[in-house]
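Take a look at the structure set out below.
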Amino acid sequence: MGSNEDVRISVKPGVTGGSFMVRGTAVLTNVPANITVTPVNDGSVFVGANATSSSSRHVFNLGTLQVHRLVCLFRFKIWWMIPCFGTSGGDIPAETQMLLLEVENKFYVLILPVLDGQFRTSLQGTPDNELEFCIESGDPDVQTTKIKEPVFVNSGNNPFKLIRNSIKILEKHKGTFKHIDNKQKPEHIDWFGWNTWDAFYCNVDPEGIKDGLENFSKGGCPPKLLTIDEGWQNIFPSYEENPTGYVYIWHAMAGYWGGVLPESEVMKKYNPKIQPVVQSPGNLTHVVCSTLDNIQEKGIGLIDPSKIRDFYHDFHSYQASCGVDGVKVDVQSVLELLGAGYGGRVSLTKSYLGALEDSVTETFKSNNLICSMSLNTDFLYSTKKAAAARATEDFMPNEPTFQTLHVAAAAFNSLLIGEIIVPDWDMFYSDHITAEFHGAARALSGSAVYVSDKPGSHDFDIIKKLVLPDGSILRARYAGRPTRDCLFNDPVTDGKSLLKIWNLNKLSGVIGVFNCQRAGIWPPIKGSIYMPAPGSGIPISGIVSAGDVDALEEVAGENWRGHCAVYACLSGSLKTMLKDAKFQVALEHLKCEVFTVSPIRAFSEDLRFAPIGLLDMYNSGGAVEAMDSENKSSECKIKVRIRGCGRFGAYSNKKPKCCSMNEKDEEFIYNPIDGLVTVKVEGEYSSREMVFVY
């Protein structure tokens, strides 16, 4: 993502007169003398510390935080991360894994606790407005006194570019992980998926799991989706010929939740043993997940790290022989509890994760891996191949206070994890009171889209806005994340802020606006009861601008003069405006709107044109793949390459003379009031060229 707002800063951050200075401004004061600063490049530094005694866990004071607006991402459970907002050190929880400061409304400072050798770092604040970092190995035998590179600090004018550049600097300097740009993405992320636990209770033919999934009929499971509801055939005409594209199988990082059985004759060759579970003090300050109760008491049957590569190879080879295409590997953060005697949590994670990644790419011949319950930095800064991971806690349809939190957490978490993996925003129910809310969010997420509907319970009006008839989705280019003006506002509990999420397509931007207020409170705790305040039924208003798409210039082209066509998907309205112009949106709680923002290109002195895309899809602009023009003395041809079918729309300040598709004339409707050109696209679902002649 590009921006011209960032400039090189010649003076690197550092400690002067007891203050940590960034761009001439004190970010921290009263910095202790044992704090060290090591320059990296482009104005970034590592902050470390020297201890007076050796230990496997240290907590260091970095100084007093000055008053700035802040947003941080912290783990409220061992598996999951959520945002927190504030203005002081006391607002920064333990287990914070990213801290972004807005300094005097002038620039941004990013503070990332990272891995330093065998140690993992996190941030935390104190009631006295101090900022601390905690570094720990998870193994009493792995100790240190000198910590050189545990905290990374960088600054910039554009928060999104700042995070992106910082992750790339860390990738190059640390060498322990790869940026998402340097990973092969799994095959499934561009296709619609249906997830069901029913398959776990059915007999599936091991000689051909896809045939089994398509033909078994016992246990209440569907032999085909088609037989459950004929509506599937209306959406996916080719479904009967190819009902199953990819099949992924679930397993836990240690085999199963509690690992493997050491007494098993089959398992003995992997040298498993019962490993006790040791929680970090930081984890114990938050929600202790009930799924840990049993393993906390009994330990985990842990495979010897020197044998884990053999285990994954054998396990995945059997699955591949049955027709499985990939795996979803859950419960990954549990490894941080098991590091004692194995060199610590970071070392154990790297051993297991490296073996898992290699096994998947070697066995399934593609990077078909979904990671889950893995939102600790042990995973994030150790993954070199895994390119998809869950962004937030599970979608829980029966928890009314979780719905808005799910979307908000996924968007904010994507600020960080979206630079390392493709964030997976999880499945949802298409037949649910919040289906449109979740469906619109998934369309903006940049991730795979799948539902976990009960067989026969589907809302095809929702699904059709997400999925093309061939089963592919209109996936946006990046990870969906909050707009710049939303970064420091709590969209769930402040009672006044709407959540805006932006993303890019090949030739346009997209903005989703969501009212997440008055429906829940942080953190998401199962069974929690939220009582809305008086007046909670009143819509909340917010300001939207085409410029909320932060990197719109990246797709606008050379002949762009700053004007945009803005199409509202749910209301069907089209308006034109300058990039920086603003308009108001009012939404009731759990309501949303999605805007496609298409830069208006000038093709001659009096011709302006902007492709919108498939008007009935949430991410309309995802259907537009390319645009070109051919100018002659008497006419201008604008050529738009699209994929999918349905109502295609574009803005034009003039009525076209004619329209054709694949050299065949097509009828079109032109509205002179708003400039909307509409063409009904039928037939094949593959890419085709549409030509407008002026």
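Being a predicted model, the structure only gives us computed values, none of them experimental.
- Two residues are said to be in side-chain contact when any heavy atoms from C-beta on lie closer than 4.5 Å; Ile189 and Ile473 fail this criterion.
- Here the straight-line distance linking atom NZ of Lys77 with atom CG of Leu292 works out to 9.5 Å at 0.5 Å rounding.
- In this structure, a donor-acceptor pair under 3.5 Å is present between the side chains of Asp490 and Thr493.
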**Request:** Decide yes or no on salt bridge (charged side-chain N to carboxylate O under 4.0 Å, His left out) for Asp358 and Lys385, but give the supporting numbers first.
**Result:** CA-CA 8 Å; Asp358 289 345; Lys385 294 181 181 179; 2.6 Å; yes
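- The salt bridge (Lys or Arg N to Asp or Glu O under 4.0 Å) with Glu419 is formed by just one residue from the set Arg164, Lys178, Lys183; it is Arg164.
- Look at Asp304 and Lys273 and you find no salt bridge, because none of the NZ, NE, NH1 or NH2 atoms lies under 4.0 Å from a carboxylate O.
- To the nearest 0.5 angstrom, Glu357 atom CD is 15.0 Å from Tyr352 atom OH.
- The ring pair (Phe, Tyr, Trp, His ring centres under 6.0 Å) search around Phe133 returns Phe60, not counting sequence neighbours.
- Using modelled atom types and a 3.5 Å distance limit, the side chains of Asn368 and Tyr248 yield a donor-acceptor pair.
- Using a 3.5 Å distance cut-off with no hydrogens or angles, the side chains of Arg442 and His438 do pair a donor with an acceptor.
- Side-chain contact check for Thr377 versus Thr121: every heavy-atom pair is 4.5 Å or farther apart.
- No more than 12 heavy atoms of other residues, nucleotides or ligands shown are found within 6.0 angstrom of CD1 on Ile433.
- Expressed to the nearest 0.5 Å, how far CE of Met427 lies from CZ of Phe395 amounts to 10.0 Å.
- A side-chain donor-acceptor contact under 3.5 Å links Ser372 and Asp330.
- Within the structure, the side-chain hydrogen bond (donor to acceptor under 3.5 Å, both in side chains) test picks out the following pairs touching residues 251-261 (sequence neighbours left out): His251-His316.
- Using a 3.5 Å distance cut-off with no hydrogens or angles, the side chains of Ser54 and Gln143 do pair a donor with an acceptor.
- With sequence neighbours excluded, the residues that form a side-chain contact (heavy atoms from CB on, under 4.5 Å) with Gln184 are Ser366, Asn367.
- The two atoms that bring Pro159 and Leu487 nearest to each other are CG-CD1, 3.6 Å, heavy atoms only.
- Judged by distance alone, with hydrogens and angles left aside, the side-chain atoms of Asp139 form a donor-acceptor pair with the main-chain N or O of Gly343 at under 3.5 Å.
- Applying the side-chain contact (heavy atoms from CB on, under 4.5 Å) rule to Asp378 yields the partners Arg120, Glu336, Arg345, Val346, Thr349, Asn376; only residues at least two apart in sequence or on another chain are considered.
- Rounding to the nearest 0.5 Å places SG of Cys134 at 4.5 Å from CD of Glu136.
- Each of Ile167, Leu101, Leu162 was compared with Leu110 under the side-chain contact (heavy atoms from CB on, under 4.5 Å) criterion, and only Leu162 meets it.
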Contacts table for residues 258-265: side-chain donor-acceptor under 3.5 angstrom, sequence neighbours left out:
| residue | atom | partner | partner atom | Å |
| --- | --- | --- | --- | --- |
| Ser264 | OG | Val266 | N | 3.2 |
| Ser264 | OG | Met267 | N | 3.4 |
| Glu265 | OE2 | Lys268 | NZ | 3.1 |

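- Between Val59 and Gln124, the closest side-chain pair of non-hydrogen atoms falls below 4.5 Å.
- Rounding to the nearest 0.5 Å places CD1 of Ile501 at 9.0 Å from OG1 of Thr483.
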**Request:** Please report the C-alpha distance between Phe412 and Leu499 in whole Å, then the side-chain angles of each, then the deciding distance to 0.1 Å, and finally whether the side-chain contact (heavy atoms from CB on, under 4.5 Å) criterion is met.
**Result:** CA-CA 10 Å; Phe412 275 90; Leu499 172 64; 4.0 Å; yes
**Message:** Set out, in order, the CA-CA distance, both residues' side-chain angles and the distance that settles ring pair (Phe, Tyr, Trp, His ring centres under 6.0 Å) for Phe74 and His286, then state yes or no.
**Reply:** CA-CA 10 Å; Phe74 77 101; His286 298 308; 5.2 Å; yes
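- Salt bridge Lys269/Asp310: absent, no basic N to carboxylate O contact under 4.0 Å.
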**Prompt:** So Cys84 and Trp522, side-chain contact (heavy atoms from CB on, under 4.5 Å) or not? Walk me through it.
**Reply:** CA-CA 9 Å; Cys84 186; Trp522 302 110; over 6 Å; no
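- In this structure, a donor-acceptor pair under 3.5 Å is present between the side chains of Asp453 and His458.
- Glu149 has its side chain within reach of Lys174: a pair of non-hydrogen atoms, C-beta onward, lies under 4.5 Å apart.
- Looking only at side-chain heavy atoms (C-beta outward), Glu132 and Leu62 stay at 4.5 Å or farther from each other.
- With Ile417 as the fixed residue, the side-chain contact (heavy atoms from CB on, under 4.5 Å) test singles out one of Met81, Met98, Gln97: Met81.
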Under 3.5 Å, which donor-acceptor pairs do the side chains of residues 85-94 form with other protein atoms, sequence neighbours left out?
| residue | atom | partner | partner atom | Å |
| --- | --- | --- | --- | --- |
| Ser88 | OG | Asp91 | OD2 | 3.3 |
| Asp91 | OD2 | Thr87 | N | 2.9 |
| Asp91 | OD2 | Ser88 | N | 3.1 |

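- Two residues are said to be in side-chain contact when any heavy atoms from C-beta on lie closer than 4.5 Å; Ile370 and Val327 fail this criterion.
- Taking CD1 of Ile308 as the start and CD1 of Ile303 as the end, the distance is 4.0 Å to the nearest 0.5 Å.
- Salt bridge Glu436/Lys591: absent, no basic N to carboxylate O contact under 4.0 Å.
- Contact check for Leu100 versus Leu70: no side-chain heavy atoms found under the 4.5 Å cut-off.
- The shortest non-hydrogen separation linking Cys486 to Lys500 is SG-N, 3.5 Å.
- Contact check for Thr401 versus Ile521: no side-chain heavy atoms found under the 4.5 Å cut-off.
- Under 3.5 Å, the side chains of Ser497 and Asp494 contain a donor-acceptor pair of N or O atoms.
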